[in-house]
Q: 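Please find one structure pasted underneath; my questions will follow.
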Amino acid sequence: MHRSLNRTARRLEPLAAVPRSRHPLPDSSDRTQLSWSSPPAATPPRRQQPLDAPNSSVLPRSTPRHYDDYLNLLRSFVSRKALEPGKQLHARLLLSGLGYNTILATKLVDLYCLCDHVTLAHKLFDRIPKSNLFLWNVLIRAYAWNGPHEVAISLYYQMLDCGLAPDNFTFPFVLKACSALSALEAGRGIHELVVSTGWETDVFVGAALIDMYAKCGCVDRARELFDRIPNRDVVLWNSMIAAYARNGHPSEALLLCRDMVARGFTPTLATLVTVISASADAAALPRGREIHGLSWRRGFDSQDKVKTALVDMYAKSGWVKVARVLFEQLAEKRIVSWNSMICGYGMHGHAAEALALFDRMREEDQVLPDHITFVGLLSACNHGGLVDEGRSFFDSMLSDYRIPPAVQHYTCMIDLLGHSGRLAEAYKLIQDMTMAADSGVWGALLNACKIHRNVELGELALQKLIELEPDDAGNYVLLSNIYAQAGKWQEAAEVRKLMTDRGLKKSIACSWIEVKNQVHAFLVGDLSHPSSGEIYAELERLEGLMAEAGYEPDTMPVFHDVGDDEKRNMVRSHSERLAIAFGLISTPPGTTLLVTKNLRVCEDCHTAIKFISAIVGREIIIRDVNRYHHFKDGECSRLSLRQRQAQRAPALQPAAAG
DNA sequence: ATAGGGTTAG
């Protein structure tokens, strides 16, 4: 009836819209000082009476004028996030009899949420009628933003139980909580309701759904949804681009960005940061530079966030010096920038530079290191063979910076100790861990066991790995190699059989190189490239020169059940070699080559590429799944075992020189 | 009255 008088009608709405039985008030003994308590049961509230209507007992304090004053005050508190005045007003409202007014209470809940006092907000929420969708939205939002995210989802279900239909605000909030938890099942259920309530094509709801699917790893679902939304805006495009980027599809991210520009959308800062990071992940320097150019044309390149993404991109593409130049240009160096540069040095094996940069960061004293800084430092120590420095960083995390080491830090330490042959120490560290060791930790130990040919510990690590990830073929392959190296052919074969019995296949090695803006990918023994003839001719030419220089193929990485000649052929046509040979014949002499490989570079290729770099006089950068290898003049930036041992020798015998 | 996307590691 009075629906057309929206404002008035809302203010005057009857209060008892939610049956009390569904939301029992806590008993009175439980009430805290600030609770929005209803009057004691002996004098039940006159719930059917409009709040600010004349009432013989509360007439002076519920005049409309009074109400508006409160509302205006609360509005200003919300906009200023003024918590203390809000609390005082809360107390006064309790006395004034406006304690049941949904709108005022909701504003107060809103204020408490915005001031990070979610507990207080929730207490208040529990004591007021919940007929108001806005009230639910505000509280769900608070938990979605600040956690615990589970509460946001459970509130959403409670809201449905109350018979309220979620709207275009509820969905993005609750979906954000699902994203944070990677709660795919809950997200799917919410999606169903989105569809049946007709909100699927709303850009806000759509973006939230895309984000949820992306963070649960379902890029394809995200894309289906994206395609179904007719009127997309920039944020929706950005969400989909980010969905590809975060799920390991950098090329799709870049293509979609191109598509977006082609359709007349102007990239925003978020677009550029996302695609720059995508091209960093793809180690796609030409495309990264193209986007650098685009950022420049759009006037975004001077922004620190773009610049930091570029630091990361250039570092990952092998241009560490350019990254450093951009890093120095930053107006303000925040933790992300320091981390990008430190990690950039670390992954290229420039341990000294990484450590020096960390020292400078501490001297400048503007920002504190975080857990990522330590991942970077530890991996720098790892790639530089600095075991004792790594140990001391690891110890200082907690003692100097109050950062408890997380699983990743343990993984770095196991890697570091393990690579250096300190297997017992590594295993001891796993046993001392304060949390459960994950597959990364055991994987690091297993890898170390392979390098140092420790069969017993390797078996143990593999047992753990099979429990944790029974479907990962790589584990079986590693153990099989350990057995093979120890001459235990029988066991090696059993592991291989176990793997095939379970229907597992090793992922196929693939390497790629970009030449003139085009990606050329190669599989092992690949003959499909148009230049295959020239590629294999080049490899043969190099092999002759390598043999003269003293190169001996090591066929150990290849399984024992293959004949020697075949082994030799398999090794010589490893994908990284094909990519290098193609790079050599299709770029001018002296050009640095950047090859990316989806798995690790095998030991034999590692040796072979050292020879190649010397023979052709080129710098060759290989980015494998773990790190970067810079091959130059017959050497690699990845220290050999002997070099590592030489480095730590002085530390082991401090007094000997005396 | 309330809303969505972006950078570092693993």
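Convention: sequence-line order gives letters A, B, ...; per-chain numbering from 1.
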Q: Kindly check if the number of other-residue, nucleotide or ligand heavy atoms within 6.0 Å of NZ (A:Lys307) is above 12?
A: yes

Q: When you get a sec, tell me which of B:dA1, B:dA3, B:dG4 is the closest nucleotide to the side chain of A:Phe169?
A: B:dA3

Q: Specify the residues of residues 331-344 of chain A, ordered by number, for which at least one heavy atom lies under 4.0 angstrom from an atom of DNA chain B.
A: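 Within this stretch, A:Arg334, A:Val336, A:Asn339, A:Ser340, A:Cys343 sit under 4.0 Å of the strand.
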
Q: Can you tell me which nucleotide in B:dG6, B:dA1, B:dT8 comes closest to the side chain of A:Lys107?
A: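 Comparing B:dG6, B:dA1, B:dT8 against the side chain of A:Lys107, the answer is B:dA1.
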
Q: Over all strands shown, is A:Thr268 touching base, sugar-phosphate only, or nothing at heavy-atom distances under 4.0 angstrom?
A: base

Q: Hey, does A:Lys107 have a side-chain heavy atom less than 4.5 Å from the side chain of A:Leu111?
A: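 Of all side-chain heavy-atom pairs linking A:Lys107 with A:Leu111, none is under 4.5 Å.
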
Q: Give A:Asn137 one of three labels, base, sugar-phosphate or nothing, depending on what nucleic acid heavy atoms sit under 4.0 Å from its own.
A: base

Q: For A:Asp472, what residues pass the side chain to side chain contact (heavy atoms under 4.5 Å, CB included) criterion, not counting sequence neighbours?
A: A:Glu469, A:Asn475

Q: By the 4.0 Å heavy-atom rule, please label A:Ser239 as base, sugar-phosphate, or nothing.
A: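 The residue A:Ser239 makes sugar-phosphate contact but no base contact.
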
Q: Just checking A:Val407: base, sugar-phosphate only, or nothing, at a heavy-atom cut-off of under 4.0 Å?
A: nothing

Q: Look at all strands and tell whether A:Trp145 reaches a base, only sugar-phosphate, or nothing, counting heavy atoms closer than 4.0 Å.
A: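 Here A:Trp145 touches the backbone only, sparing every base.
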
Q: What pairs of residues pass the salt bridge (charged side-chain N to carboxylate O under 4.0 Å, His left out) test when at least one of them lies in residues 246-274 of chain A, not counting sequence neighbours?
A: A:Arg258-A:Glu290, A:Asp259-A:Arg263

Q: Check every strand shown and say whether A:Ala242 touches a base, only sugar-phosphate, or nothing at a heavy-atom separation below 4.0 Å.
A: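 Here A:Ala242 touches the backbone only, sparing every base.
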
Q: Look at the side chain of A:Asn168 and decide which nucleotide, out of B:dT7, B:dG6, B:dA3, has an atom nearest to it.
A: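 The answer is B:dA3.
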
Q: Name the nucleic acid region contacted by A:Asp233, choosing base, sugar-phosphate or nothing; use a 4.0 angstrom heavy-atom cut-off, strictly under.
A: base

Q: Do side-chain atoms of A:Asn247 reach the backbone of A:Ala214 as a donor and acceptor pair under 3.5 angstrom?
A: yes

Q: Side chains of A:Leu398 and A:Ile403: does their closest heavy-atom pair fall under 4.5 Å?
A: no

Q: Just call it for A:Asp304: base, sugar-phosphate, or nothing, with non-hydrogen atoms closer than 4.0 Å on any strand.
A: nothing

